[in-house]
Structure formats: structure tokens, C-alpha cells
Participant: 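Pasting in a structure now, in C-alpha cells, and then I'll have a few things to ask.
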Amino acid sequence: MNKIYPSAEAALDGLLRDDLLIAAGGFGLCGIPELLIDAIVASGVKNLTIASNNCGVDGFGLGKLLDTRQIKKMMSSYVGENDEFMRQYLSGELEIEFNPQGTLAERMRAGGCGIPGFYTKTGVGTVIAEGKEVKSWNGQDYILEEGIFADLSIVKAWKADDTGNLIFRKTARNFNPPAAMCGKVCVAEVEEIVPRGSLDPDLIHLPGIYVHRLIQGAHEKRIEQRTTRKREDA
């Protein structure tokens, strides 16, 4: 089975439609599948629900899908760094399901493992717990969180072989592996595709069984926040 496709558009062919639930990897601007996001923007699909730690920044990453009003709902942990994200949420144009970061990652992982739900103390006594089942063990309350079962996963990795085994770099490993696991179909974009057998099995972060389609491409290396100080006079 050939998993390598010539472009993001080709890799997403037949997978996109309105009202999808998409799990997107990335953390801030690290490890975001920008080529696949651009292809989704160009496709024009709408009313999307996207599960991702955050929604890119203004005009980049998932932020592009906000600009085109293609996102109906975000399942996220972090709203900052994106003025349009905050504006749409506060104006009622965008629905948000807030998740603590660890809970969001575990919901994705649970979905990938076929686990429909789990109990956690995180969020007990806060708005996160509203409307959720509560159980007590040893005098402690826990809330039920549901696994995420996405229609499509889009992720970004550093290296892959042609079978889809993936290696991520640094912070890109935060959300990409669980996001990849929880989709019915996973499409990964990578910086480099290497020959089969050349990856050390002990260094593979995500087995190729989870990855259905691959693309290779050049990626923009953006800095999310740049903080500088004035140079002191010599």
C-alpha cells in the first residue's frame, strides 16, 4: 500500500466534507500541519469542529480557517495569541469547548485506544465540570471525560519512512501523537521521508499503523513570540 502522496491536496482527496470533526496536532506554532491546513482552507469545507491545543495565530496555521469562517467549534485549551479567535468567541460566532491540556491530550489518546471515557480530578468544581457525570472514590470527586473519535487527523512530523512510522522533534511531540491516533484516517506531513528500515525502532514515536497518508514538504519556521531589548550603547 503506497502511503506517499504528491501534495496536501492529493492526500486529502476524498476525505473532506462539511461538518467534519478534525484532530489537529501542534503546540503553539510548533509541529502544526500547515500544508494540510492550507489545503483545507482551499477546499472551502465549512462547519468544522477542530480539536487542537490552540488555533494557531492570526493569519497562520489554524488561524487561517478562522479568517475564512470555516470553523464552527474549537475543542481547545488555549485561546491566547490569536485576536480573531478571541473576537469570534466573545461575539458568539465561534463555539468553544474548553479542555485542560492534559485532559485534551488524554481524550485524544483514549479515542485512539478505543476507550470511550475516563475519570479525572482535573476540572472538578469548575466550569469544566458543568454537565458532566461525577463519581467519588475514597472521598474524592472525579468527572467523566469522553474520548475523542475524530473523522480526520492531520499532523506534522520531522521524519517518516514509507510505511508511515513517524519521529517528532521536541515540543511537536506533545499533541501530534495522540491527535494522530484518534482519527479514522490520519494524514501526516513530514520534512523528510527516509528509506524503509533506516529508522531506529527505539526512536519511532508513532507506529505507521496509525498513519494512512503521507506528504513531504518545506515548512515555514515561525517564532510565536519574539521578545527583544534595546542594544546598550557601547
Side-chain angles (χ1 to χ4, degrees), residues 8 22-38 40 50-66 71 74-86 96-113 120 122 145 147-148 150 152-161 164-183 186-194 199-208 210-211 214-228:
I22 299 175
F27 189 78
L29 292 184
C30 180
I32 61 172
E34 60 199 71
L35 304 179
L36 294 169
I37 292 169
D38 286 345
I40 294 172
I50 297 185
S52 186
N53 176 67
N54 56 291
C55 199
V57 296
D58 292 293
F60 190 70
L62 290 173
K64 292 182 177 181
L65 287 166
L66 287 178
I71 301 176
M74 285 295 303
M75 303 166 70
S76 291
S77 297
Y78 184 53
V79 180
E81 310 303 332
N82 192 320
D83 292 336
E84 182 60 18
F85 192 176
M86 290 186 285
I96 297 182
E97 182 180 325
F98 282 113
N99 292 256
Q101 284 184 344
T103 298
L104 181 61
E106 181 63 11
R107 289 183 68 191
M108 291 179 176
R109 191 200 68 85
C113 294
T120 176
T122 306
E145 293 283 1
I148 293 174
L152 172 66
S153 296
I154 55 172
V155 299
K156 160 77 183 337
W158 177 41
K159 286 185 179 182
D161 63 19
N165 292 314
L166 300 183
I167 295 177
F168 301 93
R169 292 196 71 206
K170 303 184 186 301
T171 314
R173 195 177 169 186
N174 283 11
F175 275 95
N176 273 298
M181 292 172 63
C182 72
C186 174
V187 184
E189 62 182 66
V190 299
E191 296 183 31
E192 183 180 359
I193 298 176
V194 300
L199 297 179
D200 183 339
D202 287 335
L203 299 181
I204 292 171
H205 299 137
L206 186 76
Y210 289 107
V211 179
L214 280 171
I215 64 165
Q216 181 179 3
H219 300 83
E220 185 176 346
K221 305 291 186 180
R222 284 204 181 193
I223 298 175
E224 190 168 352
Q225 286 191 13
R226 186 188 299 272
T227 302
T228 63

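Keep in mind it's a predicted model, so treat the numbers as computed, not measured.
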Participant: Checking F85 against V57 for the side chain to side chain contact (heavy atoms under 4.5 Å, CB included) test, could you report, in this order, the C-alpha distance in whole Å, the side-chain angles of both residues, the deciding distance, and whether it holds?
Facilitator: CA-CA 8 Å; F85 192 176; V57 296; over 6 Å; no
Participant: Which distance, rounded to the nearest 0.5 Å, do you find between the SG of C55 and the CD1 of I71?
Facilitator: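 Going from SG on C55 over to CD1 on I71, the span is 4.0 Å.
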Participant: About how many Å separate SG of C113 and CE of M108, when rounded to the nearest 0.5 Å?
Facilitator: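 Nearest 0.5 Å value for the CE-SG distance: 13.5 Å.
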Participant: Test side chain to side chain contact (heavy atoms under 4.5 Å, CB included) on R109 and M181 and set out the steps.
Facilitator: CA-CA 6 Å; R109 191 200 68 85; M181 292 172 63; 4.2 Å; yes
Participant: Short question: side chain of H205, backbone of I167 - any donor-acceptor pair under 3.5 Å?
Facilitator: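 No, H205 side chain to I167 backbone: no donor-acceptor pair under 3.5 Å.
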Participant: Please identify which of these residues, L199, D161, L214, meets the side-chain contact (heavy atoms from CB on, under 4.5 Å) condition with L166.
Facilitator: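 Looking at L199, D161, L214, the match for L166 under the side-chain contact (heavy atoms from CB on, under 4.5 Å) is L214.
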Participant: Can you name the closest pair of heavy atoms from G61 and I37 and give their distance?
Facilitator: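 Smallest interatomic distance, heavy atoms only, reads O-CG2, 3.3 Å.
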Participant: Over all heavy atoms of both residues, which pair between A24 and S52 is shortest? Give the atoms and the distance, please.
Facilitator: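 The pair with the smallest heavy-atom distance is O-OG, 3.1 Å.
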Participant: Over all heavy atoms of both residues, which pair between P33 and G25 is shortest? Give the atoms and the distance, please.
Facilitator: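 Between these two residues, the closest heavy atoms are CD-O, 3.4 Å.
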Participant: Look at the side chain of D58 and the backbone N and O of D83, then say whether any donor-acceptor pair between them is shorter than 3.5 Å.
Facilitator: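 Side chain of D58 to backbone of D83: a pair is present.
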Participant: Find out whether E191 and R169 are in side-chain contact, i.e. whether some heavy atom of one side chain is under 4.5 Å from a heavy atom of the other.
Facilitator: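 No, their side chains stay 4.5 Å or more apart.
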Participant: Could you check whether any side-chain heavy atom of V187 comes within less than 4.5 Å of a side-chain heavy atom of V211, counting everything from C-beta outward?
Facilitator: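 Side-chain contact under 4.5 Å: no.
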Participant: Under 3.5 Å, side chain of S76 to main-chain N/O of Y78, donor-acceptor pair present?
Facilitator: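 Absent.
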Participant: Main chain of G26, side chain of N53: is a donor-acceptor contact present, judged purely on distance under 3.5 Å?
Facilitator: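 Side chain of N53 to backbone of G26: no pair is present.
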Participant: At what distance, to the nearest 0.5 angstrom, does CZ of F168 lie from CH2 of W158?
Facilitator: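 Atom-to-atom, F168:CZ and W158:CH2 are 12.5 Å apart.
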Participant: Measuring from I40:CD1 to L152:CG, what's the distance to the nearest 0.5 Å?
Facilitator: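 That separation rounds to 6.0 Å.
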Participant: Under 3.5 Å, side chain of N54 to main-chain N/O of G28, donor-acceptor pair present?
Facilitator: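 Yes, because the side chain of N54 sits within donor-acceptor range (under 3.5 Å) of the backbone of G28.
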Participant: Identify the two heavy atoms, one from G31 and one from N176, that lie closest to each other, and give their separation to 0.1 Å.
Facilitator: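 So the two residues come closest at O-ND2, 3.0 Å.
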Participant: Atom CZ in F98, atom OG in S77: separation rounded to 0.5 Å?
Facilitator: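 F98 CZ to S77 OG: 9.5 Å, rounded to 0.5 Å.
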Participant: State whether the side chain of E189 and the backbone N or O of Q216 hold a donor-acceptor pair below 3.5 Å, judged by distance alone.
Facilitator: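 Here the side-chain-to-backbone pair does not exist.
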Participant: Can you tell me how far CD of E34 sits from CD1 of I154, rounded to the nearest 0.5 angstrom?
Facilitator: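 One finds 11.0 Å between CD1 of I154 and CD of E34.
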Participant: What do the steps show when you test V190 against K156 for side chain to side chain contact (heavy atoms under 4.5 Å, CB included), and what is the final call?
Facilitator: CA-CA 6 Å; V190 299; K156 160 77 183 337; over 6 Å; no
Participant: Taking the basic N atoms (NZ, or NE/NH1/NH2) and the acidic carboxylate oxygens, is any pair closer than 4.0 Å for K64 and E84?
Facilitator: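 No salt bridge links K64 with E84.
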Participant: N99 side chain to E97 main-chain N or O, any donor-acceptor pair under 3.5 Å?
Facilitator: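 Yes, the answer is positive, given that a donor and an acceptor are paired below the 3.5 Å cut-off.
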Participant: Is the shortest heavy-atom distance from the side chain of I50 to the side chain of L62 under 4.5 Å?
Facilitator: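 Yes - at least one pair of side-chain heavy atoms lies under 4.5 Å apart.
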Participant: Would C30 and K170 count as a side chain to side chain contact (heavy atoms under 4.5 Å, CB included) if you check the C-alpha gap in whole Å, the side-chain angles of each, and the deciding distance to 0.1 Å?
Facilitator: CA-CA 9 Å; C30 180; K170 303 184 186 301; 5.7 Å; no
Participant: What pairs with Y210 under ring pair (Phe, Tyr, Trp, His ring centres under 6.0 Å), at least two apart in sequence or on another chain?
Facilitator: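 Scan of Y210 (ring pair (Phe, Tyr, Trp, His ring centres under 6.0 Å), adjacent residues dropped) gives none.
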Participant: Identify the two heavy atoms, one from A180 and one from L206, that lie closest to each other, and give their separation to 0.1 Å.
Facilitator: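 Heavy atoms only, the tightest pair is CB-CD2, 3.4 Å.
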Participant: Return yes if some donor-acceptor pair links the side-chain N/O of S153 with the main-chain N/O of C186 below 3.5 Å, else return no.
Facilitator: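 Not at all, since once roles are kept as given, no pair shorter than 3.5 Å links the two residues.
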Participant: Is it the case that the side chain of N165 and the backbone of G208 share a donor-acceptor pair, with hydrogens and angles ignored and the cut-off at 3.5 Å?
Facilitator: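 Looks like yes, one N/O pair under 3.5 Å.
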